[in-house]
Number of protein chains: 2
Amino acid sequence: MAERISDAEHAVMEVLWDHAPLDAQSIYDRLADSQSWTLATVKTLLSRLVAKDALATEAQGRKFFYRPVIERTAYVAGESRRLVDRLFGGRLSPLVAQFADAETLSPEDIAEIEALLQELKK
Amino acid sequence: MAERISDAEHAVMEVLWDHAPLDAQSIYDRLADSQSWTLATVKTLLSRLVAKDALATEAQGRKFFYRPVIERTAYVAGESRRLVDRLFGGRLSPLVAQFADAETLSPEDIAEIEALLQELKK
DNA sequence: TTCGTATGACTACAAATGTAATCGAAAGCC
DNA sequence: GGCTTTCGATTACATTTGTAGTCATACGAA
């Protein structure tokens, strides 16, 4: 388990993390504005996610309802760590520095992060 | 251009970002302890990176010296942004929060990040 | 001059990924 | 009860990626 989730598959996961159990058609509908996939494509992604144990199904009559097995929190944590390990030697501060240099931090962001750190220090 | 660099290719880029122009053999040598690739594999990766315009070559006698065309800074910035956009709605603070929750921040990390933010506020 | 050798180019091939059509069965409609 | 619609399952196929073997060739040693 803990198979790698691809980009396309991730988009499907996001929908399910947002709206609990859904059937294929509903997932397709919700993806409609962000992606221009056919229903068939969405179904393929769903099958692959089930095969990867990232989703579980629950038969409801003749259709399936899909629900995440993996928590979004866990996924996000894993991906974040992967990136930080790969690009910043496992340390978070260089990443923050990187955003600082890019000047992509608003005063609100700065305040928010500071608050977080304050919390941590206690 | 700006083709996507794969994980394996990234490992090669790191070597070159670290040690200016190198020939295939030297790159292979430097990768030896982290990866168990054959020289042939390294050469394939090098070719692909050249095809993607991520590396440039410079003939020196009968061998090539490879050097990055893409700056590590730019690559790192791009990858970081991709992740933050994809998983945190483009905001950095939720990522920091994520690491805070995971308790992976040492007091030194915290101090360092705070210092960075102090700098920014000026 | 002849050979062995090192080098980049080309070829190979399985697995993963993106994207989708088709097929068989079940369900509902008339 | 047959026909159509709807599902999930199966199959398809190009591209990317991981991993590596082979080939032509230019060099250098003898």
Side-chain angles (χ1 to χ4, degrees), chain A residues 1-16 21-67 69-70 75 78-79 82 86, chain B residues 1-16 21-67 69-70 75 78-79 82 86:
Chain A
M1 29 227 87
E3 306 255 3
R4 193 116 194 76
I5 290 174
S6 79
D7 275 11
E9 288 162 0
H10 171 237
V12 171
M13 291 302 288
E14 285 294 345
V15 169
L16 285 164
L22 286 180
D23 67 290
Q25 179 66 50
S26 311
I27 295 170
Y28 166 71
D29 290 342
R30 284 176 190 281
L31 282 168
D33 35 330
S34 53
Q35 317 286 153
S36 45
W37 291 329
T38 64
L39 179 57
T41 298
V42 174
K43 285 182 179 178
T44 297
L45 295 173
L46 285 171
S47 301
R48 288 181 183 168
L49 284 166
V50 170
K52 290 181 181 179
D53 286 311
L55 291 182
T57 54
E58 184 186 319
Q60 196 77 152
R62 49 253 73 288
K63 69 172 56 171
F64 280 3
F65 278 80
Y66 298 85
R67 80 164 63 249
V69 167
I70 299 175
Y75 174 74
E79 290 295 298
R82 244 177 73 81
R86 211 163 57 90
Chain B
M1 27 229 83
E3 306 255 3
R4 192 116 193 78
I5 291 174
S6 79
D7 276 10
E9 288 162 1
H10 171 236
V12 172
M13 291 301 288
E14 286 294 344
V15 169
L16 285 164
L22 287 180
D23 67 291
Q25 179 66 51
S26 312
I27 296 170
Y28 165 72
D29 290 343
R30 285 177 189 281
L31 283 167
D33 35 331
S34 52
Q35 318 285 152
S36 46
W37 291 328
T38 64
L39 179 57
T41 297
V42 174
K43 285 182 180 178
T44 297
L45 295 174
L46 285 170
S47 300
R48 290 182 183 167
L49 284 166
V50 170
K52 290 181 181 180
D53 286 310
L55 292 181
T57 55
E58 185 187 316
Q60 195 79 150
R62 64 243 78 291
K63 65 173 58 172
F64 280 4
F65 278 82
Y66 298 84
R67 78 166 62 249
V69 167
I70 298 175
Y75 173 75
E79 290 295 298
R82 245 177 72 81
R86 211 162 56 91

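Naming: A, B, ... by sequence-line order, numbering from 1 per chain.
A donor-acceptor pair shorter than 3.5 Å can be found between the side chains of A:Thr38 and A:Thr41.
Rounded to the nearest 0.5 angstrom, B:Ser47 OG and B:Leu55 CG are separated by 10.0 Å. Taking CH2 of B:Trp37 as the start and CD1 of B:Ile27 as the end, the distance is 11.5 Å to the nearest 0.5 Å.
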Exercise for the section: Determine, step by step, whether B:Ser26 and B:Asp29 satisfy the side-chain hydrogen bond (donor to acceptor under 3.5 Å, both in side chains) criterion, reporting the C-alpha distance in whole Å, the side-chain angles of both residues, the deciding distance to 0.1 Å, and the verdict. Expected result: CA-CA 5 Å; B:Ser26 312; B:Asp29 290 343; 5.3 Å; no

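For the pair A:Leu46 CG and D:dA9 C1', the interatomic distance rounds to 13 Å; values are reported in whole Å.
Here B:Asp7 does not pair with A:Arg4 in a salt bridge; the nearest charged N to carboxylate O distance is not below 4.0 Å.
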Exercise for the section: Can you check each nucleotide of nucleotides 5-20 of chain C against protein heavy atoms at under 4.0 Å and return B for base, S for sugar-phosphate only, - for none, in 5' to 3' order? Expected result: --BBS--B----BBBB

